[in-house]
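One structure below.
Below, all heavy atoms of this structure are taken into account, side chains as well, without hydrogens, waters or symmetry copies. In what follows, every chain begins at residue 1, and chains take the letters A, B, ... in the order their sequences are listed.
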Amino acid sequence: MSETVGFLTDTTLCIGCKACEVACKQWNQLPDDGFALTGRSYDNTTALGASTWRHVLFAEQTSTTHGIAWKMMSDVCKHCERAGCLEACPTGAIIRTEHGSIYIQPDVCNGCGYCVPACPFGVVARSEDDGRAWKCTLCYDRLQGQLEPACAKACPTDSIEFGPIERLREKATARVKALREQGVDARLYGESAEAQPGTEGLHAFFVLNDRPEAFNLPPDPQVPTKGVGRSWLAAGLAAAGLAALAIGAALFGGTHD
Amino acid sequence: MRRDVTALGDTARSARSDELRPRTEAADRVVKSVCPYCAVGCGQLVYVKDEKITDIEGDPDSPISEGCLCPKGAATRQLVTGEHRGKQVLYRRPGGTAWEPIALETAMDMVADRVAATRAETWQDELPDGRSVRRTLGIAHLGGATLDNEENYLLKKLYTALGIIQVENQARI
Amino acid sequence: MTDAEIARAHERELDPERNDARAEAALQDAHHTAAAPDAAPIGDAAAHHEHVAPVPAVAASTTGYYDLPVVKAAPWKWFVPAYFYAGGVAGASSLLRGAALLARDRRLAKQLGRLAFAGEAIGAALLVADLGKPQRFHHMMRVVRPTSPMNVGTWILGASGLLGALELVRPSKRLDAATIAAMITGGGLATYTGVLIGNTAVPAWSHARTAMPALFAASAGASAASLLELAGVRSPLVRRFALAAKTAELVAARAVEASLGAGVVGEPLREGRSGKLWRGARWLQGASVIATVLRASRVAGALGTLAGVMTRFAIHEAGRASAADPRATLAPRT
Amino acid sequence: MPGLGISFGRGGATSFQQDLQNADCILIEGSNMAECHPVGFRWVMKAKARGATIIHVDPRFTRTSAVADIHVPIRTGTDIAFLGGLVHYVIEHERYFRDYVVAYTNAANLVKPEFQDTEELDGLFSGYGEGKYKIDSWQYEGVDVVPGSGHKESVAEIEARDPDAKLARGIDEPRDESLQHPRCVFQILKRHFARYTPELVEQTCGIPREKFLAVAEALCAASGRDKTAAICYAVGWTQHSVGVQYIRTAAILQLLLGNIGRPGGGIMALRGHASIQGSTDIPTLFDLLPGYLPMPMVAHAGKLEDYIRTHRSDSAWWSEMPKYIVSLLKAWFGEHATKANDYLFDALPMLSGDHSHMATISLMADNKVRGYFVIGENPVVGTVGGPLQRKGLRKLDWLVVRDFAPTETAEFWRSAPEIASGEVNVEDIQTEVFFFPAAAHTEKAGSFTNTQRLLQWHHKAVAPPGDARSELWFAYHLGQRLKARIAESKLARDRAIHALTWDYPTEGPEEEPSAEAVLREINGYTVADGKLVDGFKQLNDDGSTASGCWIYSGVYADDTNHAAGRKPAREQSYVAPEWGWAWPSNRRILYNRASADPEGKPWSAAKKYVWWDEAKSKWTGEDVPDFIADRPPSYRPAPGASGIDTIRGDAPFIMQSDARAWLFAPSGIVDGPLPTHYEPQESVIANPLYEQQCNPIRLQWRRRDNPYHGAYRDKRYPYVLTTFRLTEHHTAGGMSRWLPWLSELQPELFVEVSIELAGELGIEQGGWATLRTARAELECRALVTRRLSPLHVGGGVVHQIAVPYHWGSIGLVHGPVVNDLFPLVGDPSVHIPESKVATCDLVRGRHARSKLAAIGDGQMSPLLPRHDKPGVGQPTAEPAQVKPKQKEKT
């Protein structure tokens, strides 16, 4: 198995140019999501979806320094260490690749849609016209040819970096340290299992200059399947209980009232 | 890799996934190009397969762009291969309410006729005060700044020889 | 009237003349006005600059991101909640069939066998109908993926369907291995859907991941019993079972509400379309218990069936509402 | 270009984008670099990572401001006041780089006693009369000065006045290197900017004192021997009625700080299109021939001698000019151009005044133009006065448009607002329109010249679809046809076409002319054997050489297309001399001799770039030295020296007639030797400095169909309107509005309004608003944002409103044309329209009555300019004075 790779997305370097969104659509041949002005700053694609696998958020805020701060973040599939979509997928369409990334095999997916609510980040979506589930592939095809993902390659300010996650982790940690020294309120998001037990760490993690919620990231995401054992136990007991009721109904009190 | 009892890995892989390759590998040729949008001058690589452009992305060799592109640059393939591209010469006659397709050669002849005629009719050898000018004010040109240097050169050379001086450019705008 | 407003009104009165004067000047004497040492404020904006009207929709919300959803709801159509019902009925029927055989009520067992198979068949059809690519339904059995309740559930449904079919061609006379097997798969069929929805990032579902199977089980029993009552099956066993299951369902429902809590996560069961359905289902179920006690079995059956169907749709709707509400997702886990 | 050309000698960015990473401070003003040049901004981010301070001065808080260290909101159109304030600060606190200033600029030169400053004449310089300046009083004491580039008409006047005037050569002009003489440039500069205090900046620009001081300190701290600061600008500076002077002020500032010609320094002009720089180097501009040679003017009466006498400088590099014009004529007319017939100079057309775009448009509207070529351009959306332009198009006999798809310009006869509103009837438009589909850059070979003067070749990848052809094909085949048509003609007017060299080899079934052949002609060759020259140093004035554009000479040296040079970045230095080719002579930083001190040693180890190698006795370094390679720092010209012999060994600005950079421009710029603050044509306040409100010689077109809003402090148009661009679109949209991937990102026109103003007007987030100027009105949705804030200016409050201008009536996403709101008014030096500022009104809701001043007659009465002192202003016909109707409040 080849080395585990992923993304480091640094919001402190993002200029919100959306090159990542377009480079992704170009390489992956994705259609537009329609033409509507949302009035939400410069964000007119709103969220990650079946045809938008990189999405740039624009948060306008007042800050002590500028009076105004405009924070931008390029969101993407997190390729979780424990991936809800992967573990939920009944067909085996979703797999973990040799690069450690999570990949939906379009030739297998039958569009059951279970991976959609199974993602704690709301990344996966089922295409209305196509019927299948889609999300960032970490440019699996490009990786097979030793090419870096289209978004990371295009990013003019290296806000998106691609590489072995070990190296990215070190880089991110150093970066946050440096930013803190400059007085920037910077923090890591999802860089390790320790930092984010709910997912056991992300392969696409972030340097944030604000609370995760400001970028619609759950502060404490939980991969649902982590609690599935308890559910099954409960199911077992419930089934037994139902059986008991049935058998009880049969055994106690005769065939006539 | 570890035994895949949970079927989260290899056992679930499809044949297609095993054979996945970047489409650029199938290209017949890769052409070095330059982004046509702003003046930063990012390097582009144009991948061609069966005389069709299959991909356009940044050229990592470029000292200016190092493989990066902005959203416009990243959309270049849609710009050059999109449905919007006109493929036919269109003509709108005086008072006409719609375009009419015409042949390229015919259109070129018609334009040449009009240039010749307008130039002849509006030629100005000298100003009222007798100072010579040798020009026409009957024809003007406005050019975009995404034209090649060679194209601007031929246009300026031709217009000047024709005595056309109202030659202007986006650079002024 | 605040000072600023008075100032504003005042400004308005004065303005027209002053404005005309300026307009005049604009046309007449350039020099004079250009040099006018008039330090009057610029435009009317400045005049009452202090008076700033209520700020319109602020760009970014303080919590979250423009109040947009964090997680996505299941893209399922009505087929899926309908399946929850059908599958539940089938599962409970298989269980009850065992009990019937135990009570040597073969006639009832035979009816339950038919009911179980019908539920399995219809359920499977509903599931396939909901797929984005129905022609690929068989991919469901492409792998065995124990981490996926839906995958496990498919195997359960498959097995249960197989046993159900077997039962149709060769009805068992007593509580034999096949029947016990069918009872086990039936139990699974009646409850795994509770695990399935609990195993998502939808707060209203996942926060109740242990209560949901109980609710689904009880509701399955209640639904099956209600159908029998509706069909006019006169059997004390059924009546006793109906009473027990319906009561259990009411209890389990409370448990679900309790695990979602009184906060935003539980909101969908109290408010909106899902809230109406949920509360409606509870009342109907209560009524059907009474009807069962009063031996108005057809009424009880009708009420119970309606309650069963509504419960499934209430939970499905609650899921949508919950996923759409970022507060629920960003809320600390209970 | 003159802004840079006049100050330094060449009209191009002085540096290259990658070099921005070496800056210790970067001032971005008049540019929204992160949004309009994201990949160029990569190098700013690298500088920031190295600890550089990034400053963004802009009316709006943009995506550039978001990552800058300091954002300074400014009132649109007041940049000279701000930059002048910085100049004042640098002089006042003696933060200038004295050694550099004394040695390399004209700070020490004495100016004629007759010169009078705007401070003395309340907003005018000496020499004003009839809407223009006579520049004789601006000259150095005792000598006249010929500029290396820029506007030669003014010089022509000097010559006409005094044919044997002594000309400045940089040798013996009177100078006071102590900079104390009251008439030395430095003292004049000091007096001129004395009033530009932080307080004046505050009340003019609306910039709080402390913010201004923070910027001034950051710039000064990052300049000197060991540090350098860079300035980046774009059309936010050029598109003003004093645009050139904005850039002049920046040049003065950078010269005082010693930041020109040094790594991490310079002034980076950020052009908006792939080859804007190229289209001025090889101009499709009315007043220039290739290589910034001026077009012939009536004054030259068709005599090459007069043309040369007017434009040639006796000294420094511009003394070589005859070689360049003769070689150009040889390139164009081949063997027909001989010494005997003056190389057919008299066959060239001559200028008698302003024939720029706006002038042409108003002629067109007056039915004086018959035919129009619009090639790869969409003026109806992309430039000011759209309705007036369409009025012009309606009066043409024929219009040719070449583009990817029919644009708003090509379809003016059916998709224009006045057609939609029924004010104009399609059938009544008699214009014949031809639309030719154009080939894309991937379908033809050729070179672009990017924003850093770098020529990059793009190769042909595939054949163009259907009838699509390159402009090269169009020009060549149109030329062939016209040559054929006049083949038999003996008329004098056809001489030039007869003689025109037009024999380019063609390729393929489409007969595409060879772009390489054209580039070879541009590079130049020796006439005898057709051998390519290695650079302009090999060109002669005796007809033995030909070159289509002398500054590009060398691009084909050693018979190699250096524009196609593609040595990977990682295999060469950061200067990357083997990637593409930069004019002149493949230099990447201009005037780089200034990176060394007068003795030829680097100013500091940290900023080492080009230096004198004593051992090899030649200039050497990272880049091609911008100097005579073997001329030692110690070289001093003989008293009688002329030509390039006059260039001292310590004079880096070799294009200037005195080889010095100009703080004070004695010549070559038509609206003043020094920049001074004027209010825009349309402003909401009075000029805080002078009674003279606007640039006294700004270009105006006073017509009923081009009304100006003259009054200020006027409730009819109380707000300041400015325009901007979005990353997601490209200028007039011809290359973006048709693309789904870009259109979805910015699908619709919106107006950015501050929360405060939106509050006052009751405009809601995403709600509708109507925007009005004296020309037009439009409706769009509002983006209420904190990124715009009211400015406190001159005791009042100024609200600024901003709109992007990419949309039009056709394409995948539509929207009203913002430039319709702006009038024809322009900068007198470069004729660029003032499209970055106007006065406007904004109201809640949808109230547009599709009123266009240019449609019909007097629908909107012109609001006459009252912006000039008595007796100042263009002597143009006044329109009938009509009292403007009070606008009904909605």
Side-chain angles (χ1 to χ4, degrees), chain B residues 31 33-34 36-37 39-42 46 48 51 61 63 65 68 70 75 78 80 84 86-90 92 94-95 97 104 112 114 116 118 123 131 133-135 138-156 158 161 163 165-169 171-173, chain D residues 37-40 271 273-274 276 278-280 282 284 298 349-350 355 357 360 370-377 383 398 405 426-427 430 433 435 437 440-442 446-448 450-451 456 458-459 461 465-467 471-472 475 479 481 485 496-497 500 515 518 568-569 576 579 738-739 741-742:
Chain B
V31 180
S33 192
V34 183
Y37 284 96
V40 167
C42 300
V46 182
V48 182
E51 298 311 310
D61 290 348
S65 57
C68 304
C70 77
Q78 197 170 53
V80 298
H84 64 285
K87 298 173 182 60
Q88 190 159 31
V89 183
L90 301 174
R92 186 260 176 183
T97 57
L104 176 59
R114 278 147 187 77
T118 307
W123 186 262
R131 293 183 298 169
V133 283
R134 303 200 183 88
R135 69 186 187 195
I139 304 174
H141 161 99
L142 180 66
T146 47
L147 273 59
D148 297 336
N149 292 316
E150 296 73 19
E151 298 176 324
N152 281 332
Y153 179 76
L154 280 203
L155 288 166
K156 179 74 176 185
L158 178 62
I165 59 169
Q166 291 151 307
V167 177
E168 281 287 89
N169 182 281
R172 186 89 75 194
I173 285 161
Chain D
H37 302 87
V39 180
R271 321 287 185 195
H273 294 62
I276 284 264
S279 13
T280 55
I282 296 178
T284 46
V298 282
M350 287 158 245
H355 305 290
H357 177 64
T360 305
R370 305 257 199 101
Y372 197 26
F373 290 96
V374 176
I375 297 186
E377 181 67 14
T383 183
W398 51 272
V426 183
E427 285 84 358
Q430 290 309 304
V433 187
F435 169 77
H441 72 300
T442 46
S447 65
F448 289 141
N450 86 340
T451 201
Q456 298 187 100
H458 58 85
H459 299 267
D467 288 345
E471 300 351 293
L472 203 65
R481 282 170 165 79
R485 275 181 181 56
I497 312 173
L500 201 65
V518 177
W579 182 276
W738 276 257
L739 276 54
W741 289 335
L742 295 176

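A donor-acceptor contact under 3.5 angstrom links the side chains of D:S447 and B:E150, judged on distance only. With no hydrogens or angles considered, no side-chain donor-acceptor pair links B:N169 and D:H357 at under 3.5 Å.
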Checklist entry - Run the side chain to side chain contact (heavy atoms under 4.5 Å, CB included) check on D:H458 and B:D148 step by step: do they pass? => result CA-CA 9 Å; D:H458 58 85; B:D148 297 336; 2.7 Å; yes
Checklist entry - Passes side chain to side chain contact (heavy atoms under 4.5 Å, CB included), B:L142 versus D:Y372? Steps please. => result CA-CA 8 Å; B:L142 180 66; D:Y372 197 26; 3.3 Å; yes
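Side-chain contact between D:P437 and B:Q88 is absent, with no heavy-atom pair separated by less than 4.5 Å. Side-chain contact between B:I139 and D:F373 is present, with heavy atoms from C-beta onward closer than 4.5 Å. D:F448 places none of its side-chain heavy atoms less than 4.5 Å from the side chain of B:L147.
Using a 4.5 Å cut-off between heavy atoms, B:V80 contacts chain D through both its backbone and its side chain. If you measure heavy-atom distances from B:V34 to chain D, the contacts under 4.5 Å come from both the backbone and the side chain. Proximity to chain D (any heavy atom under 4.5 Å) is shown, for B:V40, by both the backbone and the side chain.
B:R131 places no side-chain N or O within 3.5 Å of a backbone atom of D:V298 that could act as its donor or acceptor partner. Under a 3.5 Å cut-off, the side chain of D:E471 and the backbone N or O of B:N152 do not form any donor-acceptor pair.
The most heavy-atom pairs under 4.5 Å with chain B, out of D:N450, D:T442, D:V374, D:T383, come from D:N450.
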